[in-house]
*Asks:* 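One structure is given below, represented as structure tokens, and several questions about it will come after.
All values below were derived from every heavy atom in this structure, side-chain atoms included, with hydrogens, water molecules and symmetry-related copies excluded. These numbers were taken from a predicted model, which means no experiment stands behind them.
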Amino acid sequence: MNKFIKTTAVSLVALSLGVSSLPTTTLPALAKTKAAKVLSSKKLKKTAYHVNGGYLYSSTKLTKKSHKAFKYLKTTFYATKSVKLKKRNGKTATYYYVKNKRGNVKGWIWKGNLKKVNTKALARRKSDIKHVLAAVRAMSSGDQSDALDAFKDVTTSNAYDDYSGLPGVIQNIHGFSAKDGQATIQAVASFKGRFNSVTNAKLVAMSDQLAETISASDDPTDDSDIYQASENLGETLADAVATLD
């Protein structure tokens, strides 16, 4: 039997026995992500921040991202803890533990991706939102739907933005009834003295004019003069609010 026949015979026997003559290789195990190491830690006085990018991590190991920060640019977070970490690249960095008011979005984020919130300004924004919402609710039920819809996008972060904030709501605080006109005057009163002297005087004069229009109306439930005066006043207030910080 020649060499070719012998080789073929051996191969056939191996196949019949279920044995493969091909060499096997072992796949290398996937390398595990090296965890960050805590060098020091401390508690922080509860402080409000806004995020400007990066990620929130589920632990100080920085091996698992729990949230993309850019999805929460308008959310106010509160930091309560701080750690100094040695990252897997050997560099050190400070991370804060933050969570939103509801507590459903939380994690560790690099300090450089946080911007401290002015708490006094935040309180003022919350107050303005509250007062404008009260003015909207003072409107007649048939005319307040547009203003309430505009309120869905309002946050403390965008409170004074032209379109998504309070100005967009205030532009809708007007209507044909005395109740709507009074709601516009109420909204103006909540910002009394907040603008420059010219704008403040203009808002007072327009509010007085609207009040006179309401008083002189023959039909305070449906009057186009009330609509026009309240619309003009609302637009003037909206423009003024958009200049606030």
*Asks:* Please check if atom CG in Asp218 has more than 12 non-hydrogen atoms from other residues, nucleotides or ligands closer than 6.0 Å.
*Replies:*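 No.
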*Asks:* Atom CG in Leu133, atom CZ in Arg137: separation rounded to 0.5 Å?
*Replies:* 4.0 Å
*Asks:* Can you confirm if the aromatic rings of Tyr55 and His67 lie within a centre distance of less than 6.0 Å?
*Replies:* no
*Asks:* Is there side-chain contact between Asp180 and Ser177, with at least one heavy-atom pair below 4.5 Å?
*Replies:*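 Yes, side chains in contact.
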*Asks:* Is there a side-chain contact between Trp108 and Val98 in this structure, where contact means two heavy atoms from C-beta onward sitting under 4.5 Å apart?
*Replies:* no
*Asks:* Any chance you could measure Lys74, atom NZ, to Ser157, atom OG, to the nearest 0.5 Å?
*Replies:*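 Those atoms lie 8.0 Å apart.
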*Asks:* Could you check if a side-chain atom of Thr243 sits within less than 4.5 angstrom of a side-chain atom of Tyr160, using non-hydrogen atoms only?
*Replies:*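 No, every pair of side-chain atoms sits at 4.5 Å or beyond.
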*Asks:* Minimum heavy-atom separation for Gln186 to Ala138, with atom names?
*Replies:* OE1-CB, 3.6 Å
*Asks:* Is the side chain of Asp222 donor-acceptor paired with the backbone N or O of Phe176 at a distance under 3.5 Å, no angle test?
*Replies:* no
*Asks:* Are any of the side-chain heavy atoms of Val38 and Lys84 separated by less than 4.5 Å?
*Replies:* no
*Asks:* Grab the two heavy atoms, one from Ile185 and one from Ala211, that are nearest each other, plus how far apart they are.
*Replies:*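 Ile185 and Ala211 have their closest heavy atoms at CD1-N, 3.9 Å.
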*Asks:* Step by step, would you call Asn196 with Thr199 a side chain to side chain donor-acceptor pair (under 3.5 Å)?
*Replies:* CA-CA 5 Å; Asn196 61 53; Thr199 302; 3.0 Å; yes
*Asks:* Is there a donor-acceptor pair closer than 3.5 Å between any side-chain N or O of Ser127 and the backbone N or O of Ala123?
*Replies:*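 A pair under 3.5 Å: no.
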*Asks:* Set out, in order, the CA-CA distance, both residues' side-chain angles and the distance that settles side chain to side chain contact (heavy atoms under 4.5 Å, CB included) for Lys106 and Leu56, then state yes or no.
*Replies:* CA-CA 7 Å; Lys106 54 192 174 182; Leu56 274 70; 5.6 Å; no
*Asks:* For a side chain to side chain contact (heavy atoms under 4.5 Å, CB included) check, start with the C-alpha distance between Met206 and Leu210, then their side-chain angles and the critical distance, and finish with the verdict.
*Replies:* CA-CA 6 Å; Met206 293 180 73; Leu210 176 54; over 6 Å; no
*Asks:* At what distance, to the nearest 0.5 angstrom, does CZ of Arg124 lie from CD1 of Ile129?
*Replies:*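 The CZ atom of Arg124 sits 12.5 Å away from the CD1 atom of Ile129.
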*Asks:* Is it true that the side chains of Ser164 and Asn158 contain a donor and an acceptor less than 3.5 Å apart?
*Replies:*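 A pair is found: one side chain offers a donor N or O, the other an acceptor, under 3.5 Å apart.
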*Asks:* Quick one: CG on Leu85 to NZ on Lys87, what's the gap to the nearest 0.5 Å?
*Replies:* 8.5 Å
*Asks:* To check you understand the geometry: which heavy-atom pair defines the closest contact between Gly53 and Ile109, and what is its length?
*Replies:* O-CD1, 3.8 Å
*Asks:* Kindly say whether Leu203 contributes a backbone atom to a donor-acceptor pair with the side chain of Ser207 at under 3.5 angstrom?
*Replies:* yes
*Asks:* Following the transitive rule for hydrophobic clusters with a side-chain heavy-atom cut-off under 4.5 Å over Ile, Leu, Val, Met, Phe, Trp and Tyr, establish whether Val154 and Leu122 coincide in one cluster.
*Replies:* no
*Asks:* Given the rule in the side chain to side chain contact (heavy atoms under 4.5 Å, CB included) test, do Tyr72 and Val105 qualify, once you have shown the distances and angles that lead to the verdict?
*Replies:* CA-CA 9 Å; Tyr72 302 96; Val105 181; 3.7 Å; yes
*Asks:* To the nearest 0.5 Å, how far apart are CZ in Phe77 and NZ in Lys115?
*Replies:*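 Atom-to-atom, Phe77:CZ and Lys115:NZ are 15.5 Å apart.
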*Asks:* Using only heavy-atom distances, determine whether the side chains of His50 and Thr75 contain a donor-acceptor pair under 3.5 Å.
*Replies:*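 No.
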*Asks:* If we ignore angles and hydrogens, is there a donor and acceptor under 3.5 Å between the side chains of Ser140 and Asp143?
*Replies:*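 Short answer, yes.
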*Asks:* Is it true that a side-chain atom of Arg125 and a backbone atom of Thr156 form a donor plus acceptor pair closer than 3.5 Å?
*Replies:* yes
*Asks:* Compute both the distance and the angle, then confirm whether Lys81 meets the cation-pi test with Tyr97: under 6.0 Å from the six-membered ring centre, within 45 degrees of the axis.
*Replies:*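 Yes, Lys81 sits over the ring of Tyr97.
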*Asks:* For residues Tyr96 and Ser82, report the shortest heavy-atom separation together with the two atoms involved.
*Replies:* CE1-OG, 3.3 Å
*Asks:* Check whether any side-chain heavy atom of Phe151 sits under 4.5 Å from a side-chain heavy atom of Gln144, and report yes or no.
*Replies:* no
*Asks:* Just by distance, do the side chain of Asn172 and the backbone of Gly168 share a donor-acceptor pair under 3.5 Å?
*Replies:* yes
*Asks:* In the structure I gave you, are the side-chain heavy atoms of Tyr78 and Thr76 within less than 4.5 Å of one another anywhere?
*Replies:*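 They are in side-chain contact.
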*Asks:* Please round to the nearest 0.5 Å and tell me the distance separating atom OG1 of Thr184 and atom CD1 of Ile170.
*Replies:*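 Answer for the OG1-CD1 pair, Thr184 versus Ile170, is 10.0 Å.
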*Asks:* Looking only at non-hydrogen atoms, find the nearest pair between Ile173 and Ala187 and report the distance.
*Replies:* CD1-CB, 4.2 Å
*Asks:* Would you say that more than 12 heavy atoms from the other residues, nucleotides or ligands in this model lie under 6.0 Å from the CZ of Arg194, or not?
*Replies:* yes
*Asks:* Just list the side-chain donor-acceptor pairs under 3.5 Å for residues 225-241, sequence neighbours left out, or say none.
*Replies:*
{"from": "Tyr227", "atom 1": "OH", "to": "His174", "atom 2": "NE2", "distance (Å)": "3.4"}
{"from": "Gln228", "atom 1": "NE2", "to": "Asn232", "atom 2": "OD1", "distance (Å)": "3.1"}
{"from": "Ser230", "atom 1": "OG", "to": "Gly175", "atom 2": "N", "distance (Å)": "3.4"}
{"from": "Ser230", "atom 1": "OG", "to": "Ile226", "atom 2": "O", "distance (Å)": "2.8"}
{"from": "Ser230", "atom 1": "OG", "to": "Tyr227", "atom 2": "O", "distance (Å)": "3.0"}
{"from": "Asn232", "atom 1": "ND2", "to": "Gln228", "atom 2": "O", "distance (Å)": "3.3"}
{"from": "Thr236", "atom 1": "OG1", "to": "Asn232", "atom 2": "O", "distance (Å)": "2.9"}

*Asks:* Can you confirm whether Lys192 sits close enough to Val188 that some side-chain heavy atom of one is under 4.5 Å from a side-chain heavy atom of the other?
*Replies:* no
*Asks:* Does Leu44 belong to the same Ile/Leu/Val/Met/Phe/Trp/Tyr cluster as Tyr49, with side-chain heavy atoms less than 4.5 Å apart forming each link?
*Replies:* yes
*Asks:* For a 4.5 angstrom cut-off between non-hydrogen side-chain atoms, does Leu73 reach Val51?
*Replies:*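 Yes, at least one pair of side-chain atoms sits under 4.5 Å.
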*Asks:* Is there a side chain to side chain contact (heavy atoms under 4.5 Å, CB included) between Leu39 and Thr92 once you walk through the steps?
*Replies:* CA-CA 9 Å; Leu39 301 178; Thr92 60; 3.7 Å; yes
*Asks:* Looking only at heavy atoms, which two atoms of Leu166 and Phe191 are closest? And how far apart?
*Replies:*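 Here Leu166 and Phe191 meet closest at CD1-CZ, 4.4 Å.
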*Asks:* Would you confirm whether Asn100, through its side chain, and Asn104, through its main-chain N or O, come within 3.5 Å as a donor-acceptor pair?
*Replies:*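 Judged by distance alone, yes, a pair lies under 3.5 Å.
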